[in-house]
Undergrad: 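Pasting in a structure now, in structure tokens, and then I'll have a few things to ask.
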There are 2 protein chains.
Amino acid sequence: MPERKPRKDAVRNRAAVLAAADDLFARCESPEAITMADVAAAAGVGKATLFRAFGDRTGLIRALYEARLEPLRNAIAAGEPPLGPAATPLERVPALLDAVLCFKFDNRHLALALEGTGSDSPYQATHYTRWHRTLRDLLEQIPGFADGAADSGFAAHALLAATRADLVEHLVRHEQAEREEARAQLAAFTARVLGVG
Amino acid sequence: MPERKPRKDAVRNRAAVLAAADDLFARCESPEAITMADVAAAAGVGKATLFRAFGDRTGLIRALYEARLEPLRNAIAAGEPPLGPAATPLERVPALLDAVLCFKFDNRHLALALEGTGSDSPYQATHYTRWHRTLRDLLEQIPGFADGAADSGFAAHALLAATRADLVEHLVRHEQAEREEARAQLAAFTARVLGVG
DNA sequence: TGCAAAGCGGACCCCTGGTCCGTATCGTCT
DNA sequence: AGACGATACGGACCAGGGGTCCGCTTTGCA
């Protein structure tokens, strides 16, 4: 089956592009300010190399995002409680939301860039659907959700919506919220939804 | 003080543009597909007229949106219960969220176009801040919010986030949700947040 | 060492938002 | 009514960003 290993200059260039893009997105403010030509120049590479490696602008951003996402994915799939699978739903739901919020907070530039592409809905991204499915399944295991009138699928969407990158960005920039503040607020809201406290 | 009345060909053209844009956005799918030149052509007007009347693309979309928004704004500011000011907070909160959801549902094309401009965060739009303030104030009047650990401001954001246009669009297109289904789900979620039922 | 094949780069295309300026229209003042 | 300044019109024009093409270079295998 295919999967021929790529030439090493290709992997070197790919890495250079990733690094350069990461750097540029990190320091620049609005993600739309940085262009593909910028990234190519910063990586010391031709534009075509960018597009050959990542398809299009969205592909590049997605690649960056996915790379950052990996530790979180692992922690959720096979980590320790309260994030990992061994935790009880009632403690895992807040932990998951908190972890997602932290991730969005720490990677706002990328998250913003990704949600802001406009070309594709954030709701079709594979990482979103994974979070959503996990969250919905957890909610269904909590007494009062499955049997209550509430739809777990919608509740999962609604809870995740509270971690939207542009909301986080707004809280930080225009309401001067600190990281811990945001976490506390989300935790309180989550607790309320879960009927805890 | 200024405010000279505009020439009547100007108002005629403005109306024509508004109508044409409304129509185009309504029938076309992804809002990014329709260009300023399209709108100008459909309205039988030069491109410059568009930009002179609305400033830029975002301005045009905002004008359309605001126009549609007016009935809702009135209903909230001076309508009858449960939406109007005479209602108790506990019935007005769900009513407000339901009304916003319905509005977003019925005007998804515009809402999507507006949130998707990318140039400006949805959280800075004046109508958003109005909804947010109203909602926050209502929540604060509900026992268990002001005195609870939850932050009403964040809770208002979170609740409104459940009505985001792209979420609504996702529910409709990829989860085949009907209007009434979506309303019921949001109502159930809201009730849970409010601690009702 | 030879030689496909894979990869490279930057000139190039295209499309879209936004502007300019000569011309037409409006409205007002006499 | 006629004339004249102000206002608006419109389509040619510009800028710049995403994405592609193709002649040249590098790689890796025999």
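Residue numbers start from 1 in every chain, and the chains themselves are labelled A, B, ... in the order their sequence lines are given, proteins ahead of strands.
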Undergrad: Looking at the side chain of A:Ala10, which of C:dG7, D:dA8, C:dG17 is the nearest nucleotide?
TA: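 Per side-chain heavy atoms of A:Ala10, the pick is C:dG7.
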
Undergrad: In whole angstroms, how far is the C1' atom of D:dC29 from the NZ atom of A:Lys8?
TA: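 Distance, rounded to whole Å: 13 Å.
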
Undergrad: Measuring from A:Leu139:CG to A:Arg92:CZ, what's the distance to the nearest 0.5 Å?
TA: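 So the CG of A:Leu139 and the CZ of A:Arg92 are separated by 11.5 Å.
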
Undergrad: Does the distance from a Lys or Arg side-chain N to an Asp or Glu carboxylate O, for A:Lys47 and A:Asp38, drop under 4.0 Å?
TA: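 Answer for the salt bridge query: no.
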
Undergrad: With B:His109, which residues qualify under ring-ring contact (aromatic ring centres under 6.0 Å, His included), at least two apart?
TA: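 By the ring-ring contact (aromatic ring centres under 6.0 Å, His included) rule, B:His109 matches no residue at all.
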
Undergrad: Just the rounded figure in Å: distance from C1' of C:dC26 to NZ of B:Lys5.
TA: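 Those two atoms, NZ and C1', are 12 Å apart.
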
Undergrad: Tell me which of B:Glu32 and B:Asp9 sits closer to the 5' end of DNA chain C, going by the nucleotide each one is nearest to.
TA: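 Result: B:Glu32.
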
Undergrad: Taking CG from A:Leu60 and P from D:dG17, how many angstroms apart are they, rounded to a whole number?
TA: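 Distance, rounded to whole Å: 16 Å.
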
Undergrad: Are the aromatic rings of B:Tyr65 and B:His127 close, with centres under 6.0 Å apart?
TA: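 Distance test on ring centres: under 6.0 Å, yes.
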
Undergrad: Whole-Å distance between C:dC13 P and A:Phe51 CZ?
TA: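 Rounding to the nearest Å, CZ of A:Phe51 and P of C:dC13 are 17 Å apart.
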
Undergrad: Separation of A:Ile34 atom CD1 from D:dG18 atom C1', in whole Å?
TA: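 That distance rounds to 13 Å.
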
Undergrad: Are any of B:Thr49's side-chain N or O atoms less than 4.0 Å away from OP1 or OP2 of D:dG10?
TA: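 For B:Thr49, the contact criterion (side-chain N or O under 4.0 Å from OP1 or OP2 of D:dG10) is met.
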
Undergrad: Which part of the nucleic acid, if any, lies within reach of B:Ala48 when heavy atoms closer than 4.0 Å are counted: base, sugar-phosphate only, or nothing?
TA: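 If one applies the 4.0 Å heavy-atom cut-off, B:Ala48 turns out to touch a base.
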
Undergrad: Under 4.0 Å from OP1 or OP2 of D:dG18: is there any side-chain N or O of A:Lys47 that close?
TA: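 No, outside the criterion.
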
Undergrad: Separation of A:Leu24 atom CG from D:dG17 atom P, in whole Å?
TA: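 Rounded to whole Å, this separation is 14 Å.
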
Undergrad: What contact category does A:Arg7 fall into here, base, sugar-phosphate, or nothing, at under 4.0 angstrom with non-hydrogen atoms?
TA: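 Base contact.
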
Undergrad: Between D:dG17 atom C1' and A:Asp56 atom CG, what is the distance in whole Å?
TA: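 Rounded to the whole Å, the gap is 14 Å.
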
Undergrad: Between A:Arg52 and A:Met36, just flag the one whose closest nucleotide in DNA chain D comes earlier from the 5' side.
TA: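 Residue closer to the 5' terminus by nearest nucleotide: A:Met36.
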
Undergrad: Do any side-chain nitrogens or oxygens of A:Asn13 fall under 4.0 Å of OP1 or OP2 in C:dC8?
TA: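 Checking A:Asn13 against C:dC8: at least one side-chain N or O falls below 4.0 Å of OP1 or OP2.
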
Undergrad: For B:Asp166, is there an ion pair with B:Arg108 - N to carboxylate O distance below 4.0 angstrom?
TA: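 B:Asp166 and B:Arg108: not salt-bridged.
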
Undergrad: Considering heavy-atom distances to DNA chain C, does A:Val45 or B:Arg57 have its closest nucleotide positioned more toward the 5' end?
TA: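 Result of the comparison: A:Val45.
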
Undergrad: Could you state the CZ-C1' distance from B:Phe54 to C:dT19, rounded to the nearest angstrom?
TA: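 For the pair B:Phe54 CZ and C:dT19 C1', the rounded distance is 18 Å.
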
